[in-house]
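To start, the structure itself, in structure tokens.
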Amino acid sequence: QTVINVSGSPVATEGNDFNVALADANGELVAVGAFIVLHVSAITLIIRNTIALLGEENIAEGDMYLINDPWMGAGHQNDFCVIQPVFWEGRRIAWTASVIHQIDVGGPAPGSWNFAARSAFEEAPRYRALKIVRDGRVQPEVVATVLTNTRLPDLVELDLRAQIAAANVARERIHALIRRYSLDTVLAAIADNFDYAQFLFRRKLLDLPDGSWYAEDHIDHDGHEERTYTVRCLLRKQGDRLTFDYRGTSKEAPGLINCPYAGAAAGAYCAVYPLLCEDIPWNAGVLRQVDVEVDDGTIHSARFPAPVGYCV
């Protein structure tokens, strides 16, 4: 609600092309927002990659990071993600996250989808954990660096401010919960909710028949020429596990139709949450029962610097 209230961007306020999430200290999803599931279903990858990039000792209270790099876990470069570590008495206990699709984040083409691109270097700029807020203060030089690349700086800045405001609100709400119930109770509730969601999802899967289902679809243009690419998915259900097997999908293309692994994973989770979990909490407990298998170097797991701008 804070994103909608603060942002003046029609993407967020009218199109609702955004989402929010909470995660635990290790990046495991605690709660998923009500809007575009794709945006935050792979948020764990973004948080873990940020921790790996910066190092545990450099994750500080009062900081927020901007990420839009698809190889860090973003959907594509247009998806600006702002994550924030939440601390209590010096201990990191959670993360907040929000993602908003930006109309333009720079690059050769208006809208940032360059159909002529043959590599990620010909697409929009990629940001890896830019510290947009340090010790509770917005960093003007970082914001200016981001805005100098976009054709719509006013809208992008409004959305960034909305994401920062939403993170502040979420942090304060978490702190309020802790003050009311104690840290141990809140952390125990999160752990219990993971187990509860896993239990309910396992029970649902066990009620469904075992089997496998295959589907494929085709892309007939890669941005440069007419050429057929086949996207394959074999869905296997065995006992209490689901496996999305994308192996056999066509090799990565010379155009922008590819996605890194995060896109394949998020696509699978987007099917699981809405279609199977209407009565189950959407959190990491569900994903404990889901496997995603891909071949590297394919449309579903493109290697850097393959173009990936159209990965949506």
For this session: Side-chain contact test, heavy atoms from C-beta onward, threshold under 4.5 Å: evaluate it for Tyr310 versus Glu123 and give yes or no.
Result: no

Exercise. Can you tell me if Asp17 uses its side chain to pair, donor with acceptor, with the backbone of Val11 under 3.5 Å?
Worked result: no

Exercise. Between Arg288 and Asp195, is there a salt bridge with N-O shorter than 4.0 Å?
Worked result: yes

Problem set entry | Ion pair Glu28/Arg48, N-O distance below 4.0 Å | yes

Seminar exercise, completed: Closest non-hydrogen atoms of Met72 and Ile67, given as atom of the first, atom of the second and distance, are CB-CG2, 3.7 Å

Exercise. Which atom pair, heavy atoms only, marks the closest approach of His224 to Ala116?
Worked result: CE1-O, 3.0 Å

Problem set entry | Note, Leu53 side chain near Arg128 side chain (heavy atom, < 4.5 Å) | yes

Exercise. Should Leu66 and Val105 be counted in the same cluster of Ile, Leu, Val, Met, Phe, Trp and Tyr side chains packed under 4.5 Å apart?
Worked result: yes

For this session: For residues Arg92 and Ile51, determine if any side-chain heavy atom of one lies less than 4.5 Å from a side-chain heavy atom of the other.
Result: yes

For this session: Run the numbers on His300 and Val231 for side chain to side chain contact (heavy atoms under 4.5 Å, CB included), then give the verdict.
Result: CA-CA 8 Å; His300 270 133; Val231 177; 3.1 Å; yes

Exercise. Any side-chain heavy-atom pair from Leu38 and Cys270 closer than 4.5 angstrom?
Worked result: yes

Exercise. Going by distance alone, is a donor N or O of one side chain under 3.5 Å from an acceptor N or O of the other, for Gln163 and Ser98?
Worked result: yes

For this session: Determine yes or no for a side-chain-to-main-chain donor-acceptor pair under 3.5 angstrom, with Gln289 supplying the side chain and Asp240 the backbone.
Result: yes

Problem set entry | OH/Tyr196: more than 12 non-hydrogen atoms of other groups inside 6.0 Å | no

For this session: Can you see which heavy atom on Ala109 is nearest to which on Asp104, and at what distance?
Result: O-OD2, 3.9 Å

Exercise. With no hydrogens and no angle check, is any side-chain donor or acceptor of Thr148 less than 3.5 Å from a backbone partner on Ala144?
Worked result: no

For this session: State the NZ-CG distance between Lys251 and Asp296, to the nearest 0.5 angstrom.
Result: 9.0 Å

Exercise. What do the steps show when you test Ser250 against Thr230 for side chain to side chain contact (heavy atoms under 4.5 Å, CB included), and what is the final call?
Worked result: CA-CA 5 Å; Ser250 293; Thr230 301; 3.9 Å; yes

For this session: Determine, using the 4.5 Å side-chain heavy-atom cutoff (strictly less than), whether Tyr229 and Tyr261 are members of one ILVMFWY cluster.
Result: no

Exercise. How long is the span from the CG atom in Leu234 to the OH atom in Tyr246, to the nearest 0.5 Å?
Worked result: 11.0 Å

For this session: List the steps, then state whether side chain to side chain donor-acceptor pair (under 3.5 Å) holds for Trp113 with Asn78.
Result: CA-CA 9 Å; Trp113 289 353; Asn78 289 74; 3.3 Å; yes

Exercise. Does the pair Trp95 and Ile43 meet the rule for a side chain to side chain contact (heavy atoms under 4.5 Å, CB included), with working shown?
Worked result: CA-CA 10 Å; Trp95 291 81; Ile43 206 71; over 6 Å; no

Exercise. Which heavy atom in Phe121 sits nearest to a heavy atom in Arg126, and how many Å separate them?
Worked result: CE2-NH2, 4.4 Å

Exercise. If Ile, Leu, Val, Met, Phe, Trp and Tyr residues are connected whenever their side-chain heavy atoms lie under 4.5 Å apart, and connections chain through other members, are Met64 and Trp88 in the same group?
Worked result: no

For this session: Kindly compute the distance separating NZ (Lys237) from OG1 (Thr243), expressed to the nearest 0.5 Å.
Result: 11.5 Å

Exercise. Is there a donor-acceptor pair closer than 3.5 Å between any side-chain N or O of Asp295 and the backbone N or O of Ser301?
Worked result: no

For this session: Measure from the side-chain N and O atoms of Glu14 to the backbone N and O of Ala12, and report whether any donor-acceptor pair falls under 3.5 Å.
Result: no

For this session: Please tell me if the side chains of Pro85 and Tyr65 come closer than 4.5 Å, counting only heavy atoms from C-beta onward.
Result: yes

Problem set entry | Contact summary for Asn68 and Pro125, nearest pair of heavy atoms | ND2-O, 3.0 Å

Exercise. So, does Asp220 use its side chain to make a donor-acceptor pair with the main chain of Glu226 at under 3.5 Å?
Worked result: no

Exercise. What's the spacing between Ile132 CD1 and Glu141 CD if we round to 0.5 Å?
Worked result: 10.5 Å

Exercise. What's the verdict on side chain to side chain contact (heavy atoms under 4.5 Å, CB included) for Arg202 and Leu205, showing C-alpha distance, side-chain angles and the deciding distance?
Worked result: CA-CA 5 Å; Arg202 289 185 67 247; Leu205 290 178; 5.8 Å; no

Exercise. Which atom names give the shortest non-hydrogen contact between Ile93 and Ile174, and what distance separates them?
Worked result: CD1-CG2, 4.1 Å

Problem set entry | Any side-chain heavy-atom pair of Thr50 and Ile46 under 4.5 Å | yes

Exercise. Do other residues, nucleotides or ligands put more than 12 heavy atoms under 6.0 Å from the OH atom of Tyr181?
Worked result: no

For this session: Measure from the side-chain N and O atoms of Glu252 to the backbone N and O of Arg303, and report whether any donor-acceptor pair falls under 3.5 Å.
Result: yes

For this session: Verify the cluster assignment for Val169 and Leu22: are they in a single hydrophobic cluster under the rule of side-chain heavy atoms below 4.5 Å apart?
Result: no

Exercise. Is any side-chain heavy atom of Phe80 less than 4.5 Å from a side-chain heavy atom of Ile100?
Worked result: no

Exercise. Does the distance from a Lys or Arg side-chain N to an Asp or Glu carboxylate O, for Glu278 and Lys204, drop under 4.0 Å?
Worked result: yes

For this session: Please round to the nearest 0.5 Å and tell me the distance separating atom NE2 of His221 and atom OG1 of Thr228.
Result: 11.0 Å

Exercise. Is it the case that more than 12 heavy atoms not belonging to Arg173 sit under 6.0 Å from its CZ atom?
Worked result: no

Exercise. What is the distance from atom CD of Gln238 to atom CG of Asp291, rounded to the nearest 0.5 Å?
Worked result: 12.0 Å

Exercise. When you check the gap from the basic side-chain N to the acidic O, do Arg134 and Asp63 get nearer than 4.0 Å?
Worked result: no

Problem set entry | Verify same cluster id: Val6, Phe18 (apolar side-chain graph, 4.5 Å) | no

Problem set entry | Ser7 side chain vs Leu158 backbone, donor-acceptor pair below 3.5 Å | no

Exercise. Hey, are the side chains of Val286 and Tyr269 touching, using non-hydrogen atoms and a 4.5 Å cut-off?
Worked result: no

Exercise. Within the distance-only criterion (no hydrogens, no angle test), does the side chain of Arg151 pair as donor or acceptor with the backbone N or O of Gly107 below 3.5 angstrom?
Worked result: yes

Exercise. What orientation do Trp71 and Phe304 show, parallel under 30°, tilted 30 to 60°, or perpendicular over 60°?
Worked result: perpendicular

